[in-house]
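Just so it is clear: chains get the letters A, B, ... in the order the sequence lines come, proteins before strands, and each one is counted from 1.
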Number of protein chains: 2
Amino acid sequence: MCQDGAVPPSRSGRSQRRTDALSRERIVEAAVELLDAAGESGLTFRVLTERLATGPGAIYWHVANRGELLAAATDAVVDAALAAEPAEPTPQARIRALASSLFDTIDAHPWVAAQLSGSSWQAAAPRILEVVGRQVGALGVPEANWFTVTSVLVQYIFGAASQEAANSDVLDDRATYLDAVATTWSQLDPDAYPFIRTIAPQLRDHDDREEFLAGIDLILSGITAQYPPAG
Amino acid sequence: MCQDGAVPPSRSGRSQRRTDALSRERIVEAAVELLDAAGESGLTFRVLTERLATGPGAIYWHVANRGELLAAATDAVVDAALAAEPAEPTPQARIRALASSLFDTIDAHPWVAAQLSGSSWQAAAPRILEVVGRQVGALGVPEANWFTVTSVLVQYIFGAASQEAANSDVLDDRATYLDAVATTWSQLDPDAYPFIRTIAPQLRDHDDREEFLAGIDLILSGITAQYPPAG
DNA sequence: CATCATGTTGGAACGCCGCTCCAGATGTGT
DNA sequence: ACACATCTGGAGCGGCGTTCCAACATGATG
């Protein structure tokens, strides 16, 4: 590769085959690192080419465009999150475990949230629907309602995760940030925002993960109420 | 022809005060039009300056940057959606009505979904939390759980709306699109994706709005189950 | 061993983007 | 009449995703 020091011969030495072959896998891996380090806007073909010591053409040979690269990075991260099927005793507990695992993944890779929210029924979403849906079936929900019930769970997970990720993006110091927002809330017009003022302290003190799992439990309660297991 | 915007009385000089004053309101209005016409990527300072027959400096005098303009556009649209408080008889029905109104708004302005999902607890979110939260209080949920319960509802709404908006973005012909996805699903590996294959026909035939409201009902059931009204 | 077809690389450049700078025109107070 | 704060819009900067293509490396073929 870089036999520096010697000026290239008559031919201007434009490019040469590398020993460490560039592969789609290596590109996606580098993309995930960039995304983790600097968020969605941190994934740039310019810094990617620099990191991989190559040019844009080489990357475009393996990947169609930036969108596909983002999708592939999301796939890789979600696959890792869903690798181990939960071994909890009840379907409820398994759903909680799955949601927990996804929450942790998005906490570690906040850029995944926006990607999942905006990807409709394609890309990584089917795999998530599959693993959650199996547990919905195990809950005893009638088959005719599988799609509805599983969609609700997954959409809540995506929505909560996006919110969480949006927080953590702006977030140097979480406590300071929440404190500032809570203070803003409590100073709103009491006539226009009585409710917000009341829950401001709850925002200040809440635990993201706990709230998220409380939401899962709430939805599980609703499922049990609407589709009683015994039949 | 181009008689859309008023053309300022141009002289050969560099610039001059216009008769139709440029205002933040007029800029936001134009931004909403561009976003509705071509999605989030359709809002460009270049197009915006052309539409308003001005230059970037004039716009930046009224608006800090693109992000603030997007937020202001979202605010305007959400405000309109929440203008009329629902007059239904029960809190449950009022929550359904609010969710319905937000669903319709995002259906008409799909770019709002991503904006709401990514805006954490600021911007337009407080107003939505307020109107939903009041009805949560009216449901008889204990005050200590107001934040949790309202968050779940709003996060589900945002999540489902994002999904819906993501669909409608790619969507020329909804039926064709869903049919294609459903066919893809039913051709997945039966061992790896038994659940997805089962619900593929339900995806093909589902009604977005119905599914969305079924989700709201499911969560309302959960609320009633966990916090019985009578006490 | 020489030649070629094929797969792969990376540098140059294109057209957009958000955004900044600033000279000049306008309206207001004195 | 003059100074000053407010407002305008054209020129241009650096960065982005993407395209194009000459230059290489390699395995197959003669």
field: Side chains of B:W185 and A:L129 in contact at under 4.5 Å (non-hydrogen atoms)
entry: yes
message: Holding to side-chain contact (heavy atoms from CB on, under 4.5 Å), I want the full list of residues that pass it with A:R174, two or more places apart in sequence or in another chain.
response: A:L171, A:L178, A:H206, A:D208
- prompt: Whole-Å distance between D:dG15 C1' and A:E50 CD?
  reply: 14 Å
- line: Closest to the 5' end of DNA chain D, once A:P56 and A:V47 are matched to their nearest nucleotides, is A:V47
Distance, rounded to the nearest Å, where A:L52 contributes CG and C:dG11 contributes P: 13 Å
message: Using a 4.0 Å cut-off on heavy atoms, which residues in residues 59-71 of chain A reach DNA chain D? List them by number, or say none.
response: A:Y60, A:N65, A:R66
- request: Could you tell me the separation between the CZ atom of B:R51 and the P atom of D:dG9, rounded to a whole number of Å?
  value: 16 Å
query: Could you write out DNA chain D as a dot-bracket string, with dots for unpaired bases, | for bases paired across to another strand, and Watson-Crick or G-U pairs counted at under 3.5 Å?
result: .|||||||||||||||||||||||||||.|
- prompt: Between C:dT9 atom P and A:L48 atom CG, what is the distance in whole Å?
  reply: 13 Å
query: Which part of the nucleic acid, if any, lies within reach of B:F45 when heavy atoms closer than 4.0 Å are counted: base, sugar-phosphate only, or nothing?
result: sugar-phosphate
query: Who are the side-chain hydrogen bond (donor to acceptor under 3.5 Å, both in side chains) partners of A:H109, not counting sequence neighbours?
result: A:D36
field: Spacing between B:I27 atom CD1 and C:dC19 atom P, to the nearest angstrom
entry: 14 Å
query: Who are the side-chain hydrogen bond (donor to acceptor under 3.5 Å, both in side chains) partners of B:E33, not counting sequence neighbours?
result: B:R51
task: Return the set of residues passing side-chain hydrogen bond (donor to acceptor under 3.5 Å, both in side chains) with B:N65 (not counting sequence neighbours), or none when no residue passes.
output: none
- line: Hits for side-chain contact (heavy atoms from CB on, under 4.5 Å) against A:A76, two or more places apart or cross-chain, chain-then-number order -> A:V28
- prompt: Do the side-chain N or O atoms of A:T54 get closer than 4.0 angstrom to the phosphate oxygens (OP1, OP2) of C:dT9?
  reply: no
- prompt: What residues form a side-chain contact (heavy atoms from CB on, under 4.5 Å) with A:Q135, not counting sequence neighbours?
  reply: A:P91, A:R94, A:I95, A:L98, A:A138
message: Can you measure B:R46 atom CZ to D:dG9 atom C1' for me and round it to whole angstrom units?
response: 13 Å
Qualifying residues under side-chain contact (heavy atoms from CB on, under 4.5 Å), relative to B:D173, sequence neighbours excluded: B:A175, B:T176
- prompt: Looking at B:F212 versus B:F103, is the centre-to-centre ring distance below 6.0 Å?
  reply: yes
- request: With heavy atoms under 4.0 Å as the rule, sort B:L43 into base, sugar-phosphate or nothing.
  value: sugar-phosphate
